[in-house]
Amino acid sequence: MTGEPQADCLFCKIASGEVPATVVRETATTVAFRDINPQAPTHVLVIPRVHYPDAGTLAAAEPAVAADVLREAAAVAVDDKTDGSGYRIVFNTGAGAGQTVFHAHAHVLGGRGFNWPPG
Ligand code: AMP
Ligand code: ZN
């Protein structure tokens with residue numbers, strides 16, 4: 001849990017450019033790209049360049065980078081003009097909550113209505 005790149009991690013490979021993605025925003029610490037299987041008109045993933053398995057471990061180890069992820073998630077919503085109608089930032093954490101890629105990432109979902117409680 002050092003933040004070092006993991007050889008078998010898909011999102012480390014997207015962060016390095018080894019695996020292509022539709023990148024919409026980049027900073028020194030984050031990359032934002034469109035989800036390959038979108039669940040809403042806007043569905044963008046924001047990842048830290050450093051590797052941590054989930055949002056909580058990222059925030060504990062590198063809180064400034066966790067804040068960068070949140071700031072970029074909000075910027076994605078502004079870029080896609082979903083901020084006015086509302087949008088959702090989701091951090092699935094653990095397989096039981098639907099996490100499938102164990103590199104911290106924020107889902108930014110917008111462009112349609114959302115139910116509460118979530119499914
Ligand atoms: P989670 O299930 O919360 O771990 O989210 C992982 C997300 O990554 C899913 O919504 C997938 O559709 C998405 N995903 C998987 N592979 C890729 C890829 N190569 N490019 C973009 N998104 C991907
Ligand atoms: Zn990784």
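Atoms within a ligand are numbered from 1 in the order they appear, just like the ligands themselves. Position 1 is the first residue of the sequence; numbering continues from there. On a predicted model such as this, the values are computed, not experimentally measured, just so you know.
- Heavy atoms of A21 stay at 4.0 angstrom or farther from ligand 1.
- Aromatic pair H105/H103: ring centres not closer than 6.0 Å.
- Ligand 1 has no N or O atom lying under 3.5 Å from any N or O atom of V19, backbone or side chain.
- Across A32 and V44, no two heavy atoms sit closer than the pair CB-CG1, 3.9 Å.
- Contact annotation for F102 and ligand 1: no heavy atom of the residue comes within less than 4.0 Å of the ligand.
- Protein N/O/S atoms found under 2.8 Å from the Zn ion (ligand 2): C9 SG, C12 SG, H51 ND1, H103 ND1.
- Considering every non-hydrogen atom in both Q99 and P53, the closest pair reads NE2-O, 2.9 Å.
- Heavy-atom proximity to V101, at under 4.0 Å, picks out these atoms of ligand 1: 4 (O), 6 (C).
- Against a heavy-atom cut-off of under 4.0 Å, N37 is close to the following atoms of ligand 1: 12 (O).
- The N/O atoms of N92, backbone and side chain alike, include one that comes under 3.5 Å of an N/O atom in ligand 1.
- Ligand 1 lies less than 4.0 angstrom from a heavy atom belonging to R34.
- Between D68 and R49 there is no salt bridge, since no side-chain nitrogen of the basic residue lies less than 4.0 Å from a carboxylate oxygen of the acidic one.
- Distance check, rounded to the nearest 0.5 Å: CD1 of I14 to CD1 of I36 gives 7.5 Å.
- Atom-to-atom distance recorded for R34:CZ and T22:OG1 is 8.0 Å, nearest 0.5 angstrom.
- Nearest to atom 7 (C) of ligand 1 among the protein's heavy atoms is D35 OD2, 3.5 Å.
- Remark: ligand 1 and H43 share no N or O pair separated by less than 3.5 Å (distance only, no angle test).
- Tracing side-chain contacts under 4.5 Å through hydrophobic residues (I, L, V, M, F, W, Y), one never reaches F33 starting from Y87; they form parts of separate clusters.
- Rounding to the nearest 0.5 Å places NE2 of H43 at 12.0 Å from CG of D80.
- Atom OG1 in T27 sits 5.0 Å away from atom CD in E72 (nearest 0.5 Å).
- Distance CH2/W116 to CZ/R88: 5.5 Å, rounded to 0.5 Å.
- Inclusion of I36 in the set of residues having an N or O under 3.5 Å from an N or O of ligand 1 is warranted.
- Between F91 and V69 there is a side-chain heavy-atom pair separated by less than 4.5 Å.
- Of all the atoms in ligand 1, the ones that sit under 4.0 Å from a non-hydrogen atom of L45 are 7 (C), 8 (O), 13 (C), 22 (N).
- Close contacts between ligand 1 and G98 involve ligand atoms 1 (P), 2 (O), 3 (O) [criterion: under 4.0 Å to a heavy atom].
- Heavy-atom minimum distance, A66 versus L58: CA-CD2, 3.8 Å.
- The protein non-hydrogen atom at the shortest distance from atom 4 (O) of ligand 1 is T100 N, 2.7 Å.
- For the atom pair CG (N92) and NE2 (H107), the distance works out to 4.5 Å, reported to the nearest 0.5 Å.
- For atom 5 (O) of ligand 1, the nearest non-hydrogen atom of the protein is H105 NE2, 3.0 Å.
- Heavy-atom separations between F11 and ligand 1 include at least one value shorter than 4.0 Å.
- Close N/O approach between L10 and ligand 1 is not found [any backbone or side-chain N/O within under 3.5 Å].
- Shown here for P48 and A104, the closest heavy-atom pair between the two residues is CD-O, 3.1 Å.
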